[in-house]
Structures are given as structure tokens and as C-alpha cells.
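Here the structure comes first, spelled out in C-alpha cells, and everything after it is commentary.
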Amino acid sequence: QVQLVESGGGLVQAGGSLRLSCAASGGGFSFKNMEWYRDALGKQRELVATITPGGSTNYADSVKGRFTISRDNTKNTVYLQMNNLKPDDTAVYYCSTISFGRRWGQGTQVTVSS
């Protein structure tokens with residue numbers, strides 16, 4: 001089964017950028033859909049972006065045009081490039097996949113100040 005470790009969160013001003021990384025171990029990465037979710041205070045967990053093994057992507061309307069999900073199958077890593085960040089993007093971001101059930105990383109905090 002896959003283990004996931006996120007990194008790259010931090011504090012940034014509105015309009016800034018961050019790049020999140022999620023390193024996967026345990027095998028089978030290149031065959032799996034990979035997803036980024038976020039948990040914001042007082043809101044339901046939101047699916048932010050998805051990437052298929054072939055590289056097709058899908059985004060939540062709230063991040064379209066600002067966020068880009070990508071993957072490097074040689075490094076077993078998925079990325080989330082976040083540009084033009086807004087205070088509403090403040091959340092804990094998790095990567096996730098299905099591997100003998102839903103798997104989650106530990107999350108990385110993103111805080112966007114106004």
C-alpha cells in the first residue's frame with residue numbers, strides 16, 4: 001500500500017505562489033489517480049485537483065486558472081503549483097490516492113494573508 005508525504009506549505013501574501021509536493025512510496029504510483037484535497041476551517045473537505053496516470057487533469061472551479069497539478073512518475077511525486085493565492089485558499093492540503101482503500105498524507109498547512 002502507498003504512503004504519502006506532503007511538503008511545501010507555508011505562509012504567503014495574497015497574490016503569491018507556493019508549490020506543494022507529495023512523495024509516494026509503496027509501489028504502483030504511475031498507475032494511480034492522484035488527488036489534492038484541502039480542509040479549511042468551517043468548510044467541508046474539498047477536492048482541489050486530480051491527475052490520472054496519463055496526465056489528464058481536473059480542477060475545482062474555485063482554483064481553475066490558478067492551480068496546476070502535475071506528476072513525475074520517475075520520482076513518484078505529484079505537485080500542486082498554486083499561483084495568485086487568495087486568503088480563501090488558506091487550508092491544510094492533503095494528497096490522496098486509492099491503495100487498498102483511501103490513503104492520505106499528513107497534510108501541509110497553507111496560510112494566505114491579505
Before you tell me yes or no, could you show the steps for R102 and S96 under side chain to side chain contact (heavy atoms under 4.5 Å, CB included), namely the whole-Å CA-CA distance, both residues' side-chain angles and the distance that decides it to 0.1 Å? CA-CA 7 Å; R102 172 68 63 180; S96 183; 2.8 Å; yes

From CA spacing to verdict: side chain to side chain contact (heavy atoms under 4.5 Å, CB included), L4, M34: CA-CA 11 Å; L4 304 169; M34 298 298 298; 3.9 Å; yes

Could you walk me through whether S17 and M82 pass side chain to side chain contact (heavy atoms under 4.5 Å, CB included), step by step? CA-CA 5 Å; S17 298; M82 306 186 295; over 6 Å; no

Verdict with supporting geometry, K86 and R66, side chain to side chain contact (heavy atoms under 4.5 Å, CB included): CA-CA 10 Å; K86 303 176 181 180; R66 301 188 297 121; 3.8 Å; yes

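Listed by chain and number, the residues in a ring pair (Phe, Tyr, Trp, His ring centres under 6.0 Å) with Y59 amount to none (sequence neighbours excluded). For the side-chain hydrogen bond (donor to acceptor under 3.5 Å, both in side chains) test, no residue two or more places apart in sequence or in another chain qualifies with S56.
Taking the centre and axis of the six-membered ring of Y79, the NZ or CZ atom of R19 falls inside the cone set by 45° and 6.0 Å.
A salt bridge between D61 and K64 is present, with a side-chain N of the basic residue lying under 4.0 Å from a carboxylate O of the acidic one.
Side-chain polar atoms of Q81 and S70 form no donor-acceptor pair below 3.5 angstrom. In the model, Q1 has a side-chain atom that pairs as donor or acceptor with a side-chain atom of R103 under 3.5 Å. No side-chain donor from either of D72 and T77 sits under 3.5 Å from a side-chain acceptor of the other. No donor-acceptor contact under 3.5 angstrom links the side chains of N33 and E35, judged on distance only. No side-chain donor-acceptor contact under 3.5 Å links R45 and Y37.
Among I69, I51, V63, the single residue meeting the side chain to side chain contact (heavy atoms under 4.5 Å, CB included) criterion with L80 is I69.
Taking hydrophobic clusters as Ile, Leu, Val, Met, Phe, Trp and Tyr residues chained together by side-chain heavy-atom distances below 4.5 Å, F67 shares a cluster with V110.
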